[in-house]
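Note on naming: letters A, B, ... go to the chains in the order of the sequence lines (proteins, then strands), and numbering restarts at 1 for each one.
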Amino acid sequence: MDRYTPSEIEAKWQKAWEDAGTFRAVRDESKPKYYVLEMFPYPSGRIHIGHVRNYTMGDVIARYKHATGHNVLHPMGFDAFGMPAENAAMAIGGHPKEWTYSNIDDMVAQMKPMGFSLDWERMFATCDPEYYGQQQSLFLDFLEAGLVYRKNAVVNWDPVDMTVLANEQVIDGKGWRSGADVERRELTQWFFKISDYSEELLEALDHLENWPAKVRLMQENWIGKSRGIEVPFARTDGAEDIVCYSTRPDTLRGATFLAISAEHPISRAMAEDDPEIAAFIAETRKMDTTEAAMEKAEKKGLKTGITVRHPIWPDRELPVWIGNFVLMEYGTGAIYGCPAHDQRDLDFARKYDLPVVHAFHMPGDDTEVTTEALVPTKSEKVVYVDHFTGLTDATSQEGIDQSIDWMEARDLGTGQVKFRLRDWGLSRQRYWGCPIPVVHCDTCGVVPEKKENLPIELPDDVSFDIPGNPLDRHPTWRNCICPKCGGAALRETDTMDTFVDSSWYFARFTAPRATTPTEKADADYWMNVDQYIGGIEHAILHLLYSRFFARAMNITGHLSEKSREPFDALFTQGMVTHAIFQTEDAQTGRPVYHYPETVELRDGKAFLKEDGRECQVVPSAKMSKSKNNVVDPMDIIASFGADTARWFVLSDSPPERDVEWTAAGAEAAYKHLGRVWSLCDRIGKMNPSVSGSDDAALLREMHKTIHDVTMGVESFGFNAAIAKLYGFTSTLSKSKAGHAAMREAVMTLAQLMAPMTPHLAEDIWHHQGGDGLCAEAPWPQADPDMMIEDTVTLPIQINGKRRAEVTVAKDLDKAEIEAIALAEEAVIRALDGATPKKVIVVPGRIVNVVV
RNA sequence: GCCCGCGUGGUGGAAUGGUAGACACAGGAGACUUAAAAUCUCCAGGCCGAAAGGCCGUGCCGGUUCGAGUCCGGCCGCGGGUACCA
């Protein structure tokens, strides 16, 4: 062999690892464990280059930790339930199960050639009955522990997929998968009591030091803690008080009306004999509560005729309106409007001709509000109109607390902490999901299924020719025996949200074949996930649900206390993007997208190979099938090999940022690996007895590289680590060192490259006669003594501008360095006779002469 | 609107407050070759200059510091998150 041939090398070493069982994870209390996990994929059928980047990052960590003596758990599985399988069944016939498992086979076949250090024996799919059966068991335990309940709820209904969506799954008023306009409907649903954990989930964020600050902040905002006050307003007709919630208690002084939600019990009751109100409610229900829709929607209200008394001034009567902008789900479903200090309330007041009353003015400025509400910033002090005449910063926490105290002291209201986070509705009216293991019995009501009857398996004989849930119309599946009374009963036909499946898979990987959800010894040993890697798009949902599940599993005895936060460190990686090449269709004017291989690049412009027409280039767009800019990793492996693909996705761009896939970049990576291979080949052919001239310099550089690459890998600075490896390769190829030093250097290079390009590394290791497998060799150690240079080059600045540099012995003291610097010809010239006022010497760094 | 992040060559990007532009892509020059490809060597922020060297330069304006891409204040632009949340 005299050329770098990845196809041969890669297959050979993959087999060697498999035969040796190098990456099989076996519990071993004598070694420190390390659990590295990448978010498992949905089995769409094709591996995406983005998957390659994600799993390569995880693999670098896994292989590095393996080399540093850790017992590594690095598993892979499939998040296999969900609607695409049903959609495929509807579109092309067949069965979701077949579609899914066949896709899994395809994807495994595509992943294996990448050479990931995965323990494939632990693989499972969430649609395996062995997995979802344990999930049903967890559900029953959660139910018993009071962590699951049923309630009627107005839900987001996707009319195309015929299912309920979580608020989080509604994007711009549309279903996150179908894209259909979401409607509001009332159904009986199962809920996880995640809101019981609002405070804890929020508090614990502070301790997740190895999570990106951004993700913690996003979760914090999502949980949305606010401290405010609940104020009861007495009705003039003597009926029950209307309780409002406000986070700006001080604005109560300026309240001029109340607005209640269309879903408020009062609204609903009135709707029964008032068609106008009924119509208004119906109209409001059509709106959805998401940003885009609300933004456009007009703020509308309807007068109820009810009036209430102002708590501070009972002789003031305030009208009660129904407002389409008041949400029943947040606070109490009723607000008081203070037009003077809230723009929305002011707009509403102007529209319906309601009075504007000031609660406060700015010091020295008592201008009345007309079109713009007076809203102080957190640090601004205000002067209240009455009672509260001191200067106060109204919107700071202190100001709010002060107001609450004042109101509580007068029995006007009660301080309340509210969270935005709502319970997690998990019921889905779908077939391809985990069946909820309960039955409905006419005599006993809703009864949990017995654990010995688990798994409640999905029936295979279903059809998808009509929308809706095939379980509902299955002839026999629903029929069952009530576990309580033994009479005839009906199964629950709702299945679980697929986010449930992904909320505990990480725990299942510790004992994937166990006959209980987890196995204590295994979970205690392997948990927590030391390093979790995935996309930022899961910052809120998946990660928050998993945090809740870990707590619930702790309470029900499936995980220990330490795993209530299951992911010790989180890394969110960027996407792999690719340019889009488009032209315009002459007739329709619509864009036509061209595959990269049909385009030729010249002078930074793109032309169609076919007819030479110039294409418009959209750089760095997310890969999308419809834009014809998807790069298939299998093509890359076929042309360049897995190591090239792995090397390229790690180089150039920091891992948290998006990386642009370019053909030129991939080719450059391939060329480099070829150079490394040739270098190894050349060293192999050197005469072992020949000694060289600069062994010490080469080894010094080697130790520096070990240090820098180690730091790079430890800190997710893969691109920087790769830059160092380029540099060292260059040093090595130019080195005049003897065979022994060259051999040591190239073997070290192989080890340092091994996490990124494991096959090439293994091959070099083998050719140089390394012991056993490179993958099993201990990580090289940087020897600080070997990194020390005898001399150091110091830049000399004059007034902060670099004017010269001197190379001096490393151990000179400040005075000596100063003397040498001032004697430097360029310094004397630049000083031009001036006397330095001060000379700052930072040994090993810099000299700055101040004139 | 609010919250967060980011603005560095033609491009992707380096840089514990200490020589800005490492490394790579694209580009240029050269070597090898009949030629091309491949490979190798060198050059390369901008402006002035034959060179030595000088001036300018990390979105803009200011500040702290012996010294700022880095820290602070203000602005502009881009990206992300989020909300009729009371």
Checklist entry - If you measure only the distance, is there a donor-acceptor pair under 3.5 Å linking the side chains of T644(A) and Y4(A)? => result no

Next on the checklist: Can you list, in residue-number order, the parts of residues 210-221 of chain A that come under 4.0 Å of RNA chain B, counting heavy atoms only?
Outcome noted: K214(A), L217(A), M218(A)

Checklist entry - Excluding sequence neighbours, so at least two apart, what forms salt bridge (Lys or Arg N to Asp or Glu O under 4.0 Å) with E263(A)? => result R268(A), R285(A)

Checklist outcome for this item: Its contact letters, B for base, S for sugar-phosphate only and - for none at protein heavy atoms under 4.0 Å, make nucleotides 36-42 of chain B read ---SSS-

Checklist entry - How would nucleotides 17-23 of chain B be written as a contact map, 5' to 3', with B for base contact, S for sugar-phosphate-only contact and - for no contact, using protein heavy atoms under 4.0 Å? => result -BB--BS

Checklist entry - Of the candidate nucleotides rC66(B), rA24(B), rG13(B), which contains the atom at the shortest distance from the side chain of P654(A)? => result rG13(B)

What protein N or O atoms touch nucleotides 57-62 of chain B N or O atoms at under 3.5 angstrom, if any, and at what distances?
none

Checklist entry - Do the ring planes of W321(A) and F348(A) sit parallel (below 30°), tilted (30 to 60°) or perpendicular (above 60°)? => result perpendicular

Next on the checklist: Check for me whether R547(A) meets the cation-pi criterion with W222(A), that is, NZ or CZ under 6.0 Å from the six-membered ring centre and within 45 degrees of the ring axis.
Outcome noted: no

Next on the checklist: Could you check rG9(B) for me: syn (within 90° of 0) or anti?
Outcome noted: syn

Checklist entry - CD1 of I540(A) versus C1' of rC4(B): gap in Å, rounded? => result 12 Å

Next on the checklist: Considering every strand and a 4.0 Å limit on heavy-atom distances, what is the contact class for S246(A): base, sugar-phosphate, or nothing?
Outcome noted: sugar-phosphate

Item to check | Pairs satisfying side-chain hydrogen bond (donor to acceptor under 3.5 Å, both in side chains), at least one member in residues 709-725 of chain A, at least two apart | outcome: Y64(A)-E714(A), T710(A)-W779(A)

